[in-house]
Each structure stands twice: as C-alpha cells, then as structure tokens.
Amino acid sequence: MKIAFVGKGGSGKTTLSSLFVRHLAATGAPVVAIDADINQHLGAALGLDEAEASGLPALGEHLGLIKDHLRGTNPRIPSAQTMIKTTPPGAGSRLLRVREENPVYAACARPVELDGGTVRLMVTGPFTDADLGVACYHSKTGAVELCLNHLVDGPDEYVVVDMTAGSDSFASGMFTRFDLTFLVAEPTRKGVSVYRQYKEYARDFGVALKVVGNKVQGQDDLDFLRERVGEDLLVTVGHSDWVRAMEKGRPPRFELLEDANARALRALHTAVDGTYPLRDWPRYTRQMVHFHLKNARSWGNERTGADLAAQVDPGFVLGEEATAPA
C-alpha cells in the first residue's frame, strides 16, 4: 500500500509519518519510507543522528542508475537519456517490489533499525546552494515519481512518503500515486487552507484523502476541524511526551507511546488497509500515461529531442500480476 503524508510546513506531517512508519514496523510489516520533502527531516524523526541523516544516499544523485535499471529491455525506451520523471513502465520494464533486493535499493536505500523492526529509508536529497539558479526542487523529487511509477506493492506491504509541504505536491502527477493520502492539519485557518487546495485538486483524479488533526488541545479545536473538513476528518492527535522526548534525541521504547496516540495510528492503519479492495490498476496506469503525455508536450519532448508519447505501451497495465525481466 502506498501512503502519502502532506500538509503545510510546520503542521507535523514528518513527525506523524515517522510515527506511522514506527507503528507499521512494530507490526512486522515490510516498509519502505521515502523522504520527498525539501526539508529532509524524516531520517532524524526515525532516530538517525545528524551525521547518519546527512550521509544518506540521495535518489537524485543516482538517477542514471535508476533509469538504467527500470527501463530494462523495454524497446520503447532505447536509452536512459530519454526517460523523464513521468515515463511509465511497459513490456520489458523492470518493476520494483517492496520486499526484494535490487540495484536501486542497494544504491539508494538504507536500513533503519527501530525498536519494532527494520525499515528501508530513501531520501531525495537536500536542495543545496549548487542547485540555486540552475534547478528546481521538483527535479529532485522526479526520482521518487519514477520509482513510484514502477513500483508494484501488495497487501500488508507499505510505502510511506513524506511529501513536500503545501500545494507543491501538485507540481507533478505524483499526488495520484497513492492508495491513501493523509493531510495533516492544525486547528487553524492556515492549517486547513492546504486541505481546501488539496481537496479541489484531488477531486478530479479520485485521490483518496483523509485528514489527521494535529496539535488538538480540546473540544473547541475538534469542533473547528469538524466544521471545516467534515467527514474527511479521520483522527486527531494531541500533545505527546513521547514525541517531545524523541525530538530531544531520547525516544522511549515505542510501546510506551500514549494510548490515545497509539489508537490514532491504528486507525490510520485500518484506513489504509481498507483501501486495498478499491484498487483500480487500469485507472492508475491511465493516470500515469495522462501526466506523462502532459509533461511530454509541455517540456519533455523539447528537452530530450524525442517523441516521448512513443514510450507509452498501450497494452501494458501495471498491477500485482505484472512481470518484469530478470
């Protein structure tokens, strides 16, 4: 299952995504965690120290390897140079699986030991001074989108992505890549403004969206969120001494997380698993193709000097039964 955490900067989405990753790991489920935010904090939230977090390999720095692996023997993609972030898989493409070993994971993922288990962590890499004036952050997240387009996951397998803040998530088609999106909102007007934007953008693409109210301190906060987001409000989370200790670098055992917050994480888990019967792989594939053709027309064809519409394999549908070359 693919899960996104979105929200405005400072909403607590990274903290909540890290708590959900810890919760999933504690159940023994295989988890791939991806930090796709411009501010790379997921590693620290999962307990890495500053040196460990800064030493994580960046997906963007291994884009050539990723493209070479994923294109496989797909005859519609004669070279990695013609692949862009939205290039969809087709017959002959290599697909990624959550539980497997592959060159992409070997180069770009690192195991993180949690008290409940081990997860794979991947990061886009930070936006550096060298990028100023020559690149935008969306070029960094392109590697994440390419991997998600080629990822096949099943029930009880989880890919958790900490997305960019605010409405930047809509700069590409990546917002349609998830079974369920959790929007983290504080009980303020600014806190729910991203919800309104996301709801409007997502409606046309059938994106499943639930709101997680964060920093909720009482009934008035709860009533405010219910009034503004209605039935999309799934759970609320309040103050956590466990999180405060974690942010100081001294996290207690995860089993000591407050009961109310542990129940909230279980509710998120239940909601995610409940989306599995609703999966529509043909629609998922059509959305990939839609955004690829849009990007091809707007900049991809000119950038690569190729007709990228030719990369679309009309007979291919991504799904759990899809096969890939060895």
Side-chain angles (χ1 to χ4, degrees), residues 2 4 6 34 36-38 59-60 63-64 66-67 70-72 74-96 124 127 131 134-152 159 161 163-181 183 194 196-209 279-319 322:
K2 302 182 187 75
V6 300
I34 303 177
D37 196 355
I38 189 170
L59 280 161
L63 191 56
I66 293 170
K67 289 180 177 181
L70 296 180
R71 73 185 183 94
N74 187 337
R76 295 174 179 274
I77 309 174
S79 70
Q81 288 69 35
T82 59
M83 290 184 77
I84 63 174
K85 63 182 182 178
T86 54
T87 294
S93 295
R94 287 195 182 96
L95 307 176
L96 301 178
T124 60
F127 194 69
D131 296 314
V134 297
C136 71
Y137 187 70
H138 305 125
S139 65
K140 302 280 188 178
T141 60
V144 178
E145 186 169 359
L146 197 57
C147 287
L148 290 177
N149 280 355
H150 290 73
L151 178 67
V152 178
V159 180
V161 183
M163 296 280 281
T164 53
S167 57
D168 274 359
S169 300
F170 296 99
S172 72
M174 193 158 64
F175 73 99
T176 65
R177 303 296 86 203
F178 303 100
D179 294 286
L180 186 56
T181 294
L183 190 144
V194 174
R196 290 194 294 270
Q197 290 177 304
Y198 217 106
K199 184 75 171 179
E200 181 179 348
Y201 288 139
R203 184 180 295 114
D204 293 339
F205 294 94
V207 172
L209 178 68
R279 278 191 163 186
D280 185 342
W281 286 106
R283 185 183 71 177
Y284 188 89
T285 304
R286 287 195 302 272
Q287 288 177 341
M288 273 196 290
V289 170
H290 168 82
F291 282 103
H292 178 63
L293 294 177
K294 181 177 180 181
N295 279 268
R297 290 190 297 268
S298 62
W299 61 269
N301 289 345
E302 181 179 0
R303 181 83 56 87
T304 64
D307 177 13
L308 300 184
Q311 293 180 343
V312 176
D313 183 344
F316 182 85
V317 176
L318 189 67

*Asks:* Donor-acceptor pair, Arg177 side chain versus Leu148 backbone, under 3.5 Å?
*Replies:*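 A pair under 3.5 Å: no.
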
*Asks:* For the atom pair CG (Leu95) and CG (Leu318), what is the distance rounded to the nearest 0.5 Å?
*Replies:*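 Output value for this atom pair is 6.0 Å.
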
*Asks:* How far does OG1 of Thr82 sit from CZ of Arg76, to the nearest 0.5 angstrom?
*Replies:*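 One gets 13.0 Å once the value is rounded to the nearest 0.5 Å.
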
*Asks:* Decide yes or no for Val159 and Phe178: does some side-chain heavy atom of the first lie under 4.5 Å from some side-chain heavy atom of the second?
*Replies:*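 Heavy-atom side-chain distance check fails, nothing below 4.5 Å.
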
*Asks:* Do Ile66 and Leu59 come within less than 4.5 Å of each other through their side chains, counting heavy atoms only?
*Replies:*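 Touching, per the 4.5 Å side-chain cut-off.
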
*Asks:* Taking atom CG of Leu308 and atom NE2 of His292, what is their separation to the nearest 0.5 Å?
*Replies:*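 Atom-to-atom, Leu308:CG and His292:NE2 are 5.0 Å apart.
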
*Asks:* Using every non-hydrogen atom in the two residues, find where Val152 and Gly319 come nearest and quote the distance to one decimal.
*Replies:*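 Closest approach of Val152 to Gly319, heavy atoms only: CG1-O, 3.4 Å.
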
*Asks:* For Val6 and Val194, run side chain to side chain contact (heavy atoms under 4.5 Å, CB included): C-alpha distance rounded to whole Å, both residues' side-chain angles, the deciding distance at 0.1 Å, then the answer.
*Replies:* CA-CA 9 Å; Val6 300; Val194 174; 5.6 Å; no

*Asks:* List the steps, then state whether side chain to side chain contact (heavy atoms under 4.5 Å, CB included) holds for Lys67 with Gln81.
*Replies:* CA-CA 8 Å; Lys67 289 180 177 181; Gln81 288 69 35; over 6 Å; no

*Asks:* Mind checking the OG1-CD spacing from Thr86 to Gln311? Nearest 0.5 Å is all I need.
*Replies:*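 The distance works out to 8.0 Å.
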
*Asks:* How far does CE of Met163 sit from CZ of Phe175, to the nearest 0.5 angstrom?
*Replies:*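 Answer rounded to 0.5 Å: 9.0 Å.
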
*Asks:* Return the minimal non-hydrogen interatomic distance between Tyr198 and Leu209, and the atom names on each side.
*Replies:*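 In this case the closest contact between Tyr198 and Leu209 is CD2-CD1, 4.2 Å.
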
*Asks:* Begin from the C-alpha positions of Val161 and Lys2 and carry the test side chain to side chain contact (heavy atoms under 4.5 Å, CB included) through to its verdict.
*Replies:* CA-CA 8 Å; Val161 183; Lys2 302 182 187 75; over 6 Å; no

*Asks:* I need the full list of side chain to side chain donor-acceptor pair (under 3.5 Å) pairs touching residues 296-309, with sequence neighbours left out, sorted by first then second residue.
*Replies:*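 Side chain to side chain donor-acceptor pair (under 3.5 Å) check on residues 296-309 returns Asn295-Trp299.
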
*Asks:* Are side-chain heavy atoms of Pro88 and Asn149 found at a separation under 4.5 Å?
*Replies:*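 No - every pair of side-chain heavy atoms lies 4.5 Å or more apart.
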
*Asks:* Closest heavy-atom contact between Ala36 and Val144?
*Replies:*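 So the two residues come closest at CB-CG2, 4.4 Å.
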
*Asks:* Can you name the nearest heavy-atom pair linking Thr181 to Val207, along with the distance?
*Replies:*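 Where Thr181 meets Val207 most closely, the heavy atoms are OG1-CG1, 4.0 Å.
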
*Asks:* Describe, in one word, how the ring planes of Phe205 and His290 are oriented to each other, choosing from parallel (under 30°), tilted (30 to 60°) and perpendicular (over 60°).
*Replies:*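 Judged by the thresholds at 30° and 60°, the geometry between Phe205 and His290 is tilted.
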
*Asks:* Restricting to non-hydrogen atoms, name the atom on Ser93 and the atom on Asn74 that form the minimum distance, rounded to 0.1 Å.
*Replies:*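 Ser93 and Asn74 have their closest heavy atoms at OG-ND2, 2.9 Å.
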
*Asks:* Heavy atoms only: give me the nearest His150-Thr87 pair and the separation to one decimal.
*Replies:*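 Heavy atoms only, the tightest pair is CE1-O, 3.3 Å.
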
*Asks:* Measure the spacing between OG1 of Thr124 and CD of Glu145 and express it to the nearest 0.5 Å.
*Replies:*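 Interatomic distance, Thr124 OG1 to Glu145 CD, rounded to 0.5 Å: 13.0 Å.
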
